[in-house]
Amino acid sequence: MKIYNSLSRQLEDFVPLNPEQVSIYSCGPTVYDYIHIGNARTALVTDIIRRYLDYKGYKVKLAQNLTDIDDKIIDRAGLLGVSPSQLAREYGEAFLEDAKKFGTEADVHPKATEHIPEMIALIQTLLDKGAAYVVEGSVYYRVNRFAEYGKLSHRKPEDLLAGARVEIDERKEDPRDFDMWKAVKPGEPSWESPWGRGRPGWHIECSAMAMKHLGTTLDIHVAGEDLQFPHNENEIAQSEMATGKTFARYWVHVAFLQIDGTRMGKSEKNFILLRDALNQYPTEVIRHYLISAQYRHPLDYNLTGLEKSESALRRLSNCLDALKKYEAQVEAEETTTSPLQHAVHTMKSQFTAAMDADFNTAQALGAIFTLVSEVNRSLTAANGIPPTAFAEAYHALIEVCQVLGVYNTDAQHTDGDNVEQRDHLITLLLEIRQDARSRKDWDTSDKIRDRLKQLNVEIQDTRDGATWKIVS
RNA sequence: GGUGGCGUAGCCAAGUGGUAAGGCCAGAGUCUGCAAAACUCUUAUUCGUCGGUUCGAUUCCGACCGCCACCUCCA
């Protein structure tokens with residue numbers, strides 16, 4: 001299994017530090033607004049890495065943070081006339097709701113404000129090592145003490161200064177130095193520290209929380225490509241200077257989601273909220289769309305793309321619906337090897353090969369749909385294909401679809417107690433319709449079909465009689 | 001200015017030094033009372049342009065054109 005590591009700019013074999021448990025850290029959102037679909041792409045890539053590792057038999061611990069104290073939160077709270085902590089709490093909860101609905105929850109969702117002591121300790125360590133200095137109650141990281149600074153973003157010190165559009169803060173020894181602790185300003189939230197009241201800088205929280213929850217060295221660190229510099233670079237500087245150990249072994253950076261060819265970003269104000277998208281399309285459709293391109297390639301977000309995904313997924317679920325009746329078939333004698341069984345094995349190996357190649361979800365989907373075609377062909381022909389082969393295909397497809405999170409197995413029965421009675425009523429209507437059909441009473445037959453369709457029950461007449469399913 | 005990336009059919013998107021997965025859309029047909037689903041066939045002699053290396057390049061190298069991103073808070 002290979003992962004593209006931004007650190008080396010190469011595909012590298014993935015070998016976990018501790019084979020018993022793979023650790024993953026994913027940079028989460030600053031909670032001053034609902035998360036947008038771009039944030040969701042990074043969360044989704046993280047989630048699929050986790051699910052795939054799980055599929056491969058690894059135990060995984062995934063931490064995704066919430067930045068709940070930050071300039072933006074303070075500014076937004078001021079505008080809305082609420083306290084920063086209240087604003088952060090509301091959007092933090094909203095983020096967790098969205099993540100749950102989107103299927104991208106982590107094992108731990110640490111919050112910055114709940115890790116102030118860890119951050120202070122880390123800053124103190126860096127001060128003790130001479131890698132930081134205090135100016136008027138703020139603490140800065142001394143970049144030139146870390147010889148490897150720039151190794152992630154592959155920037156040389158002179159490059160960093162040359163085109164820098166950054167305002168020079170005269171109090172810094174070096175323009176590249178960044179704050180780990182910000183001295184309190186009037187009216188802003190603050191915490192007690194050895195250097196006076198203040199609040200943490202952005203970068204220090206990820207270092208402190210990642211190391212607290214995953215240990216000094218973690219396996220995989222995921223973030224949007226915009227965070228590579230300076231955020232991730234600074235995380236490395238802080239953590240490795242403090243511990244003397246590698247902070248993260250594999251750096252995964254997710255390419256940007258675009259709108260009309262340009263980046264979707266909060267500052268561009270062209271973003272689409274995940275929850276709005278989820279109100280328009282099912283989770284699976286959005287997930288399918290976001291993984292229809294490999295994660296290191298930019299992807300343009302638009303409605304026609306989503307409609308394509310919706311159609312593609314309909315093809316997939318039609319196939320699975322047709323296959324479902326074979327679900328319980330157990331393989332008795334595996335003497336016969338039908339072409340379908342061969343196709344199932346091919347799909348599995350192609351799926352694994354694709355995912356092993358830096359999580360190539362687009363290619364993995366190709367393997368899945370190739371099998372879908374083969375299944376449909378077999379279903380149409382149905383000559384001498386053992387039912388167990390269909391069962392195998394069903395289970396194989398369900399399994400890989402769950403790794404990608406593109407098929408909702410609960411879709412057909414979510415309504416709870418009334419489901420059984422509903423099913424009986426539909427069965428009754430189908431019987432009446434069948435009677436009408438045998439009389440060639442097409443008006444009645446079509447009326448039942450049309451009216452049920454209006455109630456989201458779709459009838460299909462097949463060789464073996466009518467089938468029905470709930471559609472949304 | 002520095003760094004990185006992208007350009008494959010109408011649209012989206014994989015991919016490989018030996019002659020282009022998959023999805024969507026479209027057209028024709030099969031099945032069907034009709035519909036839906038499914039199946040069959042059709043849709044890139046060609047992978048931005050121009051050179052080079054090679055027996056052979058879309059895939060390697062160079063130049064050029066176009067687009068995007070990072071270097072500043074943003075996943």
Side-chain angles (χ1 to χ4, degrees), chain A residues 6 9 26-30 32-33 35-46 64 67 70-72 75 150 153-156 158-167 202 222-231 233 253-258 261-268 271 288-289 292-294 296-300 302 304-316 318-319 321-322 350 354 357 360-373 375-381 437 440-442 445-446 449-450 453 458-463 466-467 469 471:
Chain A
S6 301
R9 286 183 174 167
S26 182
C27 279
T30 300
Y32 68 100
D33 197 351
I35 65 161
H36 62 240
I37 198 83
N39 299 294
R41 186 182 194 192
T42 300
L44 181 58
V45 169
T46 306
Q64 183 183 35
T67 299
D70 174 85
D71 291 346
K72 286 199 172 56
D75 292 348
S153 52
H154 303 91
R155 291 168 209 279
K156 289 171 278 203
E158 52 272 29
D159 296 341
L160 292 175
L161 300 177
R165 287 167 281 171
V166 61
E167 264 181 60
W202 178 34
V222 188
E225 62 179 351
D226 56 325
L227 297 192
Q228 186 168 332
F229 187 88
H231 182 61
E233 194 71 62
H253 286 103
V254 180
F256 257 84
L257 203 62
Q258 307 186 334
T262 53
R263 80 168 278 181
M264 175 188 297
K266 290 200 174 170
S267 43
E268 277 76 4
F271 55 88
H288 174 94
Y289 183 60
S292 64
Q294 209 266 348
R296 283 190 288 125
H297 292 267
L299 177 68
D300 202 87
N302 54 61
T304 51
L306 284 168
E307 283 163 8
K308 288 175 187 173
S309 285
E310 192 174 36
S311 299
L313 241 34
R314 198 177 303 126
R315 179 173 166 79
L316 175 66
N318 283 340
C319 177
D321 289 344
Q350 285 181 347
N360 193 334
T361 49
Q363 199 170 41
L365 286 169
I368 291 173
F369 278 92
T370 300
L371 179 58
V372 166
S373 290
V375 166
N376 285 334
R377 256 194 301 280
S378 302
L379 244 19
T380 301
R437 283 165 60 81
K440 296 201 190 305
D441 178 1
W442 309 125
S445 169
D446 291 350
R449 184 173 66 197
D450 294 345
K453 179 72 195 261
E458 194 173 274
I459 290 177
Q460 289 183 9
D461 293 313
T462 71
R463 212 175 302 172
T467 65
K469 64 181 173 184
V471 296

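Each chain gets a letter, A, B and so on, in the order the sequences are listed, and its residues count up from 1.
Straight-line distance from the CG atom of A:Asn39 to the P atom of B:rC73: 17 Å, rounded to whole Å. Taking atom CD of A:Gln294 as the reference point, atom C1' of B:rG5 lies 12 Å away to the nearest angstrom. Between the NE2 atom of A:His154 and the P atom of B:rU3 there is a distance of 13 Å, rounded to whole Å. Rounded to whole Å, the distance from CD on A:Gln350 to P on B:rG15 is 13 Å. Rounded to a whole Å, the NZ atom of A:Lys266 is 5 Å from the P atom of B:rA75. Distance CG (A:Asp75) to P (B:rC73): 14 Å, rounded to an integer number of Å. Atoms NE2 (A:His231) and C1' (B:rC71) sit 17 Å apart, rounded to a whole Å. Atom CD of A:Gln228 is separated from atom P of B:rC71 by 11 Å (rounded to the nearest Å).
Distance noted for atom C1' between B:rC47 and B:rU59: 9 Å (whole Å). Comparing B:rU53 with B:rC61, their P atoms are spaced 16 Å from each other, to the whole Å. Rounded to whole Å, the C1' atom of B:rG10 lies 15 Å from the corresponding atom of B:rU42. Between the C1' atoms of B:rG1 and B:rA13, the separation comes to 35 Å (whole Å). Remark: the separation of the P atoms in B:rC64 and B:rG27 is 45 Å, to the nearest Å. Rounded to a whole angstrom, the distance from the C1' atom of B:rG22 to that of B:rU43 is 15 Å. The same atom, P, is picked in B:rG23 and in B:rA37; the two are 16 Å apart, to the nearest Å. Distance check on atom P: B:rU3 versus B:rU8 gives 26 Å, rounded to whole Å.
For the atom pair SG of A:Cys27 and NE2 of A:His253, the computed distance is 7.5 Å after rounding to the nearest 0.5 Å. Atom CG in A:Asp321 sits 8.5 Å away from atom OG1 in A:Thr467 (nearest 0.5 Å).
If you check every strand for non-hydrogen atoms under 4.0 Å, A:Ile35 touches nothing. Nucleic acid contact class of A:Phe256 (heavy atoms, under 4.0 Å, all strands): base. Here A:Gly38 lies in heavy-atom contact (under 4.0 Å) with a base. If you check every strand for non-hydrogen atoms under 4.0 Å, A:Gln258 touches sugar and phosphate atoms only.
A distance-only check finds a donor-acceptor pair linking the side chain of A:Ser311 to the backbone of A:Glu307 [under 3.5 Å].
For B:rG5, its base never sits under 3.5 Å from the side chain of A:Arg296 at any donor and acceptor pair. Side-chain to base pairing of A:Arg449 with B:rA35: one donor and one acceptor N or O lie within less than 3.5 Å of each other.
The two residues A:Gln228 and A:Ser153 make their nearest non-hydrogen contact at NE2-CA, 3.4 Å. Considering every non-hydrogen atom in both A:His36 and A:Met264, the closest pair reads CD2-SD, 3.9 Å. Considering every non-hydrogen atom in both A:Ser445 and A:Arg437, the closest pair reads OG-CG, 3.4 Å. Nearest approach of A:Tyr32 to A:Lys266, heavy atoms of both residues: OH-CD, 2.8 Å. A pairwise comparison of heavy atoms in A:Val375 and A:Cys319 identifies CG1-SG, 3.5 Å as the closest pair. For A:Leu379 against A:Ala322, the heavy-atom pair with the smallest separation is CD2-CB, 3.8 Å.
Each of A:Tyr289 and A:Arg437 was assigned the nucleotide of RNA chain B with the nearest heavy atom; the assignment lying further toward the 5' end belongs to A:Tyr289. The residue among A:Ser309 and A:Ser292 whose nearest nucleotide of RNA chain B lies closer to the 5′ end is A:Ser292.
For the pair A:Arg155 and A:Phe229, the distance from NZ or CZ to the six-membered ring centre is under 6.0 Å and the angle to the ring normal is within 45 degrees.
The listed nucleotides are B:rC73, B:rG23, B:rA75; the one nearest the side chain of A:Pro230 is B:rC73. Side-chain proximity of A:Leu299 to the nucleotides B:rA21, B:rG23, B:rA13 is greatest for B:rA13. Between B:rG33, B:rG22, B:rA13, one nucleotide has an atom nearer to the side chain of A:Ala293 than all others, and that is B:rA13. Closest to the side chain of A:Glu225, out of B:rC71, B:rC34, B:rA69, is B:rA69.
Side-chain contact check for A:Arg315 versus A:Val372: some heavy-atom pair is nearer than 4.5 Å. In this structure, the side chains of A:Tyr289 and A:Leu313 stay at 4.5 Å or more apart for every pair of heavy atoms.
A donor-acceptor pair shorter than 3.5 Å can be found between the side chains of A:Asn318 and A:Lys469. Under the 3.5 Å distance criterion, with hydrogens and angles disregarded, no donor-acceptor pair is assigned to the side chains of A:Thr46 and A:Arg41. Side-chain contact of A:Arg9 with A:His154: a donor-acceptor pair under 3.5 Å is present, judged by distance alone.
Residues that satisfy the salt bridge (charged side-chain N to carboxylate O under 4.0 Å, His left out) test with A:Asp441, not counting sequence neighbours, are A:Arg439. Looking at residues two or more places apart in sequence or on another chain, you find a salt bridge (charged side-chain N to carboxylate O under 4.0 Å, His left out) between A:Asp446 and A:Arg449.
Within residues 360-368 of chain A, the residues that place at least one heavy atom under 4.0 Å from RNA chain B are, in residue-number order, A:Asn360, A:Ala362, A:Gln363, A:Gly366.
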(message) In dot-bracket form, 5' to 3', how is RNA chain B paired? Count Watson-Crick and G-U wobble pairs only if both distances fall under 3.5 Å, and write | where the partner sits on another strand.
(response) (((((((..(((.........))).(((((.......))))).....(((((.......))))))))))))....

Identify the pairs formed between an N or O of the protein and an N or O of nucleotides 6-11 of chain B at a distance under 3.5 Å, and give each distance.
unit_1 : atom_1 : unit_2   : atom_2 : d
B:rC11 : O2'    : A:Lys308 : NZ     : 2.6
B:rC11 : O2     : A:Lys308 : NZ     : 2.8

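Under 4.0 angstrom from either OP1 or OP2 of B:rG4 there lies at least one side-chain N or O belonging to A:Arg9.
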(request) Quick one, give me the B/S/- string for nucleotides 36-44 of chain B, reading 5' to 3', where B means a protein heavy atom under 4.0 Å from the base and S means that only happens at the primed atoms, P, OP1 or OP2. (result) BSSSS----

